[in-house]
Amino acid sequence: MAAPKVAVVGAGVIGLSTALCITETCPSCSVTVLSDQFSPNTTSDVAAGMLIPHTYPGACNSKQWFKETFTFLFAISNSPEASEAGIHLVSGWQVFKNTPKEELPFWSDVVLGFRPMSEAELQKFPQHRFGQAFTTLKCDCPPYLLWLEKRLKATGVQMHTRKVADLWDLHSEYNVVVNCAGIGAHQLVGDEKLFPVRGQVLKVHAPWVKNFIRDGDGSTYIYPGIHRVTLGGTREKGSWGLSPDPSTTKDIFDRCCSLEPSLRGAQDIEVKVGLRPSRRCVRLQREVLSRGGVKLPVVHNYGHGAGGFSVQRGTAKEAARLVGECILFYLLHCFYPGHLS
Ligand SMILES: Cc1cc2nc3c(=O)[nH]c(=O)nc-3n(C[C@H](O)[C@H](O)[C@H](O)COP(=O)(O)OP(=O)(O)OC[C@H]3O[C@@H](n4cnc5c(N)ncnc54)[C@H](O)[C@@H]3O)c2cc1C
Ligand SMILES: *[C@@H]1O[C@H](CO)[C@@H](O)[C@H](O)[C@H]1NC(C)=O
């Protein structure tokens with residue numbers, strides 16, 4: 001019998017991580033990534049790639065997803081692959097103007113060395129009264145995406161540039177389809193619960209900045225990567241605009257300089273905009289499309305909002321498990337056609 005053919009739609013961090021997990025859980029599967037854009041042209045390329053999870057308003061398995069992702073990337077950061085994969089540890093501070101109600105976020109025991117900031121550390125932030133210090137991981141986004149693509153190609157995964165208008169169009173070529181289209185799923189599957197949260201960031205040259213700084217309300221952040229520092233940001237719910245706004249650029253820069261005055265000397269400012277694929281919770285679900293007696297099993301994995309990098313591995317593993325269920329369904333269908341609905 002032919003190897004099951006799996007198509008993954010989308011080549012952002014979610015599509016590539018999911019394709020990787022599928023090759024691991026189903027080595028006999030023939031996996032193809034279909035996407036209208038690849039790195040450096042995805043939302044995932046705009047992200048800072050910090051491993052600090054987003055709190056989804058819906059009931060979600062975020063802590064486990066984050067833990068699995070942290071464990072996976074921590075192992076890469078401790079391997080010779082780390083520099084090519086663009087993964088490194090970064091220490092820093094999350095600071096608050098007012099002490100938060102919950103002093104311990106749900107992810108505090110997953111990151112390393114989480115503790116309240118000392119008085120001496122707080123002196124760096126005269127406008128803030130409370131803070132948390134910890135070490136986490138960061139993915140440098142375009143290098144990390146290229147590294148994932150390279151790993152996939154090495155295991156025989158095909159990558160094709162293709163815009164998919166309807167998942168059903170893939171039924172004659174593939175046995176299982178995985179939807180990792182990010183905000184593109186709004187149009188692709190007509191999900192009205194999925195909405196964009198526009199984010200504008202600056203990527204600057206400021207190699208003396210080694211620690212991350214994040215305002216606890218999430219509005220302003222400074223995330224140093226291997227080559228560039230990401231300065232943010234904005235969260236504009238429902239906005240689809242992809243062109244940078246110059247007054248927002250100035251506002252972000254001023255907010256970051258008030259947290260870290262040395263950024264006044266930053267050079268080579270590049271402005272980027274991305275649309276976070278937001279939803280109450282990630283849609284991680286199996287569905288069977290059916291037309292005229294023909295069936296196409298689909299696995300959805302989209303809607304990661306502001307935290308796609310932070311939960312990529314956990315959600316990819318779950319999606320790969322659901323693909324495994326679909327393959328079982330496909331194999332049974334090969335042996336007993338017509339006996340399953
Ligand atoms: C400014 C900003 C900063 C961020 N910082 C962080 C951070 O520090 N940490 C963190 O965890 N997260 C962060 N995020 C969130 C993170 O970027 C997203 O959660 C993540 O990139 C979502 O990945 P994705 O693969 O689902 O989407 P995308 O990267 O958008 O990928 C979707 C893919 O699907 C393809 N596609 C869409 N529709 C179709 C179609 N019809 N046919 C074919 N292909 C299609 C696209 O071309 C693309 O390749 C940030 C986001 C922004 C905007
Ligand atoms: C990214 O977009 C640019 C501009 O549209 C294009 O020239 C380039 O080929 C694209 N890159 C990839 C890898 O698709």
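Just so it is clear, the structure is predicted and the values come from calculations on it, not from any experiment. For the single chain, residues carry numbers from 1 onward in sequence order. Computation of the quantities below employed the complete heavy-atom set of this structure, encompassing side-chain atoms and omitting hydrogens, waters and symmetry-equivalent molecules. Just so you know, ligand 1 is whichever comes first in the structure, and atom 1 is the first atom listed for that ligand.
At least one heavy atom of S35 sits closer than 4.0 Å to an atom of ligand 1. Look at K138 and you'll find every heavy atom at least 4.0 Å from all atoms of ligand 1. The closest approach between any non-hydrogen atom of D36 and ligand 1 is below 4.0 Å. At least one heavy atom of G307 sits under 4.0 Å from some atom of ligand 1.
Neither the backbone nor the side chain of R198 comes within contact range of ligand 1; no heavy atom lies under 4.0 Å.
Looking from atom 13 (C) of ligand 2 to the surrounding protein, the closest heavy atom is S39 O, 3.3 Å. Regarding atom 1 (C) of ligand 1, its nearest protein heavy-atom neighbour is V201 CG1, 3.5 Å. Of all protein heavy atoms, the one lying nearest to atom 26 (O) of ligand 1 is I14 CG1, 3.4 Å. At the top of the distance list for atom 51 (C) of ligand 1, counting protein heavy atoms only, stands R276 CG, 3.6 Å. Here the protein heavy atom with the shortest distance to atom 2 (O) of ligand 2 is N41 ND2, 2.3 Å. Counting only heavy atoms of the protein, atom 30 (O) of ligand 1 lies nearest to T43 OG1, 2.9 Å. Ranking protein heavy atoms by distance to atom 41 (N) of ligand 1, first place goes to V164 O, 2.8 Å. Of the protein's heavy atoms, A306 O, 3.4 Å lies nearest to atom 10 (C) of ligand 1. Nearest non-hydrogen protein atom to atom 15 (C) of ligand 1 is G305 O, 3.3 Å. In terms of protein heavy atoms, atom 23 (O) of ligand 1 is closest to S44 OG, 3.3 Å.
Side chains of S39 and E149: a donor-acceptor N/O pair is absent below 3.5 angstrom, by distance only. In summary, the side chains of E236 and T234 do present a donor paired with an acceptor at a separation below 3.5 Å, with no hydrogens or angles considered. Side-chain contact of T32 with Q158: a donor-acceptor pair under 3.5 Å is absent, judged by distance alone.
Heavy-atom contacts of G184 reach the following atoms of ligand 1: 37 (C), 38 (N) (cutoff under 4.0 Å). In summary, the atoms of ligand 1 found under 4.0 Å from a heavy atom of G274, numbered by their order in the structure, are 53 (C). Every atom of ligand 1 is numbered from 1 in the order shown, and the set under 4.0 Å from a heavy atom of C180 is 32 (C), 33 (C), 34 (O). Residue F309 has at least one heavy-atom neighbour below 4.0 Å for each of these atoms of ligand 1: 10 (C), 11 (O), 12 (N).
Of the N or O atoms in I52, none lie within a sub-3.5 Å distance of an N or O in ligand 1. By the 3.5 Å distance cut-off applied to N or O atoms, M50 is counted among the residues near ligand 1. An N or O contact shorter than 3.5 Å links G308 to ligand 1 by distance. Ligand 1 has an N or O atom lying under 3.5 Å from an N or O atom of Q37, backbone or side chain. When only interatomic distances are considered, the shortest N/O to N/O separation between V9 and ligand 1 does not fall below 3.5 Å. Considering backbone and side-chain N/O atoms, A48 comes within less than 3.5 Å of an N/O atom of ligand 1.
Using a 4.5 Å cut-off on side-chain heavy atoms (C-beta onward), L263 and I222 make contact. Between L167 and N179 there is a side-chain heavy-atom pair separated by less than 4.5 Å. D140 is listed as a side-chain neighbour of H227, based on a closest heavy-atom distance under 4.5 Å.
Under the 4.5 Å side-chain heavy-atom criterion for Ile, Leu, Val, Met, Phe, Trp and Tyr, I183 and V46 are members of distinct hydrophobic clusters.
For NZ of K67, the number of neighbouring non-hydrogen atoms (other residues, nucleotides, ligands) closer than 6.0 Å is 12 at most. In Q187, the CD atom is not crowded: 12 or fewer heavy atoms of neighbouring residues, nucleotides or ligands sit closer than 6.0 Å.
Protein non-hydrogen atoms do not reach within 4.0 Å of atom 9 (O) of ligand 2.
Both the sub-6.0 Å distance and the 45° axial angle are satisfied by R313 relative to the ring of F72.
Among the candidates L259, V204, T220, the single residue satisfying the side-chain contact (heavy atoms from CB on, under 4.5 Å) test with L231 is V204.
Residue nearest to atom 7 (C) of ligand 1, selected from S17, G49, A47: G49 (by heavy-atom distance).
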Quiz prompt | side chain to side chain contact (heavy atoms under 4.5 Å, CB included) assessment of E287 paired with H300 | solution = CA-CA 8 Å; E287 182 185 19; H300 298 286; 2.7 Å; yes
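The aromatic rings of Y221 and Y223 lie parallel to each other, their planes meeting at an angle below 30°, with 60° marking the opposite boundary. Aromatic ring orientation, W147 versus Y144: parallel (interplanar angle below 30°, classes split at 30° and 60°). A parallel orientation is assigned to the rings of H171 and W168, their planes being inclined by less than 30° (bins at 30° and 60°).
The stretch residues 178-212 participates, sequence neighbours left out, in these ring pair (Phe, Tyr, Trp, His ring centres under 6.0 Å) pairs: F134-F212, H186-W240.
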